[in-house]
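The structure appears right after this line, and notes come after that.
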Protein chains: 2
Amino acid sequence: MKFYTNKMLSNSSKYALKAVMYLALHTEENNKMMVKDISERINVPKAYIAKLLQELAKRKIISSAKGPKGGFYSSPSNKNRTIMEVIEVIDGKKKMESCVLGLEDCNEQHPCPIHSLIGPLKSKMIDLLDSKTINDLAQDLALNKVFLPI
Amino acid sequence: MKFYTNKMLSNSSKYALKAVMYLALHTEENNKMMVKDISERINVPKAYIAKLLQELAKRKIISSAKGPKGGFYSSPSNKNRTIMEVIEVIDGKKKMESCVLGLEDCNEQHPCPIHSLIGPLKSKMIDLLDSKTINDLAQDLALNKVFLPI
DNA sequence: AAAAAAACATGATATTAATCATATAAAGGA
DNA sequence: TCCTTTATATGATTAATATCATGTTTTTTT
């Protein structure tokens, strides 16, 4: 058995986050980018990222325009969506919320051992992802505080 | 799309942890338990948990004995293994360690936005899982500080 | 209008993880 | 020693996720 990737997020939501970040940094309403180019820049297969971009656009995490000169872009209001919203659009809600052991009857008042151990940290993670907007991270990137090593 | 379980751990390692905890609480060398009974108690399909128990026994996370009066049990030295070791036996190493976005070139010195955001909390989680032994959690269970709502 | 360029919608295939099944080997009791 | 009991080894099947492919619709340009 060999696993080398962290599974807190699905591949799909990882790709989605990369694309969303990339668009937030490099596009705007009069500077759109086509699937083909996005795919190359963020290094994700075209057909795969296309599907995700469509879903993200439908849910207003990014914007899109059809036809010549069309493409995807990130509007100011798009950038106000949170990181958790990006994840939820792709992976669905509750994914990160349930008990780490998947136990139905585990909760704060009646916690399983693992819950008691890492529950508080998990809550903090969720709070962070809930409070940070795409724009927040884009700013960090613009200031070279972090990088997008695609 | 619908996902209701937290995927930080695979189903397999969740089941393994349940079994390990159960055995730590309810068995010892002269009080073994058969697959069939373990399966019923922790509510995991027999054939599935059997395979996991075999792997755990091979890697000395639990103990086993064949033949009549045989079964699985948890010895004192088994109980000194850490929670992370249980996870690693089943899910493989590094699973929890890599970048949340799965980016090759992301690290402490050159972090991606998400890494920078939740990396410290993830490190704390890993430290906890590394430092807690099966015995530690079994004690918490014995003292009714936590529960095993199987 | 008509043609071309793009996203949109839908579904097919491939890969991986989860689940199940069974034949083999070891241990203990008659 | 032989039969029963139990874990062990191995592999088959099913389900979920990831990946790819293609026809349809909308928009712009000529």
Side-chain angles (χ1 to χ4, degrees), chain A residues 1-16 18-19 23 27 29-39 42-74 87 90-92 95 102, chain B residues 1-16 18-19 23 27 29-39 42-74 87 90-92 95 102:
Chain A
M1 272 188 280
K2 50 175 165 44
F3 302 96
Y4 289 89
T5 52
N6 187 309
K7 294 292 181 72
M8 290 176 60
L9 301 177
S10 67
N11 270 5
S12 292
S13 57
K14 287 176 198 169
Y15 293 166
K18 284 211 280 185
L23 291 173
T27 66
E29 183 159 9
N30 46 34
N31 181 27
K32 310 185 182 73
M33 187 175 270
M34 293 188 298
V35 171
K36 181 175 168 297
D37 295 321
I38 298 170
S39 154
I42 69 174
N43 203 30
V44 175
K46 179 165 169 283
Y48 195 175
I49 197 65
K51 204 170 197 170
L52 298 175
L53 290 168
Q54 286 165 25
E55 189 70 22
L56 291 167
K58 192 193 291 180
R59 302 288 293 276
K60 304 277 192 357
I61 303 283
I62 58 177
S63 301
S64 65
K66 289 180 176 179
K69 296 285 177 193
F72 294 93
Y73 64 97
S74 183
I87 295 170
I90 304 298
D91 282 353
K95 181 173 191 174
Chain B
M1 273 188 280
K2 50 171 165 45
F3 302 96
Y4 289 90
T5 52
N6 187 308
K7 293 293 179 70
M8 289 177 60
L9 302 177
S10 67
N11 269 5
S12 292
S13 57
K14 288 177 200 171
Y15 293 166
K18 284 211 280 186
L23 291 173
T27 66
E29 182 158 11
N30 46 35
N31 181 27
K32 309 185 183 73
M33 188 175 272
M34 293 189 298
V35 170
K36 181 174 167 299
D37 296 321
I38 298 170
S39 155
I42 69 173
N43 204 30
V44 175
K46 179 163 170 282
Y48 195 175
I49 197 65
K51 202 170 198 173
L52 297 174
L53 290 168
Q54 285 165 27
E55 189 70 22
L56 291 167
K58 191 193 290 179
R59 303 286 293 276
K60 304 277 192 355
I61 303 282
I62 58 177
S63 301
S64 65
K66 290 180 177 180
K69 296 286 175 194
F72 294 93
Y73 64 97
S74 183
I87 296 170
I90 304 298
D91 282 352
K95 183 173 189 176

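In what follows, every heavy atom counts, from backbone to side chain, and hydrogens, waters and symmetry copies are set aside. Quantities reported herein were computed from a predicted structural model and do not represent experimental measurements. Sequence lines set the chain letters: A, B, ... in the order given, protein chains first and strands last, and positions in each chain run from 1.
Atom P of nucleotide dA7(C) and atom CG of Leu53(A) are separated by 8 Å, given to the nearest angstrom. Taking atom OH on Tyr73(A) and atom P on dA7(C), their separation rounds to 12 Å, with Å as the unit. Protein atom CG of Leu52(A) is 14 Å distant from nucleotide atom P of dA9(C), rounded to whole Å. Atom CD in Glu55(A) sits about 16 Å away from atom P in dA7(C), given to the nearest Å. As rounded to whole Å, 11 Å separates atom P of dT8(D) from atom NZ of Lys60(B). With rounding to whole Å, Lys14(A) atom NZ is found 9 Å from dA18(D) atom P. One atom, CD1 of Ile49(A), and another, P of dC20(D), lie 12 Å apart when rounded to the nearest Å. Look at CD on Gln54(A): it is 15 Å from P on dA6(C), rounded to the nearest Å.
In this structure, the separation between NZ on Lys58(A) and OG on Ser64(A) is 11.0 Å, given to the nearest 0.5 Å. Distance check, rounded to the nearest 0.5 Å: CE of Met8(B) to CG of Leu9(A) gives 10.5 Å. For the atom pair CD1 of Ile90(B) and OG of Ser10(B), the computed distance is 7.5 Å after rounding to the nearest 0.5 Å.
In this structure, the side-chain contact (heavy atoms from CB on, under 4.5 Å) partners of Thr27(B), at least two apart in sequence or on a different chain, are Leu23(B), Met33(B), Tyr73(B), Ser74(B). Residues passing the salt bridge (charged side-chain N to carboxylate O under 4.0 Å, His left out) test with Lys36(B), sequence neighbours excluded: Glu40(B). Checked against side-chain contact (heavy atoms from CB on, under 4.5 Å), Ser39(B) has the following partners two or more places apart in sequence or in another chain: Lys46(B), Ile49(B). Remark: Tyr15(B) engages Tyr48(B) in a ring pair (Phe, Tyr, Trp, His ring centres under 6.0 Å) (not counting sequence neighbours). Ser63(B) meets the side-chain hydrogen bond (donor to acceptor under 3.5 Å, both in side chains) test with Asn78(B); sequence neighbours excluded. In terms of the side-chain contact (heavy atoms from CB on, under 4.5 Å) criterion, residue partners of Ala65(A) (sequence neighbours excluded) are, by chain and number, Lys32(A). Lys66(B) meets the side-chain contact (heavy atoms from CB on, under 4.5 Å) test with no other residue; sequence neighbours excluded.
A 4.5 Å side-chain heavy-atom check between Ser12(A) and Leu52(A) finds at least one atom pair inside the cut-off.
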Polar atom pairs between nucleotides 20-30 of chain C and protein, under 3.5 Å, N or O only, would you list them?
| unit_1 | atom_1 | unit_2 | atom_2 | d |
| --- | --- | --- | --- | --- |
| dA26(C) | O4' | Lys66(B) | NZ | 3.0 |

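Proximity of residues 30-37 of chain B to DNA chain D (heavy atom under 4.0 angstrom from any strand atom) is restricted to Met33(B), Met34(B), Val35(B).
An OP1 or OP2 oxygen of dT19(C) is reached within less than 4.0 angstrom by a side-chain nitrogen or oxygen of Asn11(B). Between Tyr15(B) and dA18(C) there is no side-chain N or O to OP1 or OP2 distance below 4.0 Å. Between Ser64(A) and the phosphate of dC8(C), there is a side-chain N or O to OP1/OP2 separation shorter than 4.0 Å.
One end of the helix from dA1(C)-dT30(D) to dA30(C)-dT1(D) points its axis 0° away from the other end's axis, with each axis taken from 5 pairs and the angle rounded to 10°.
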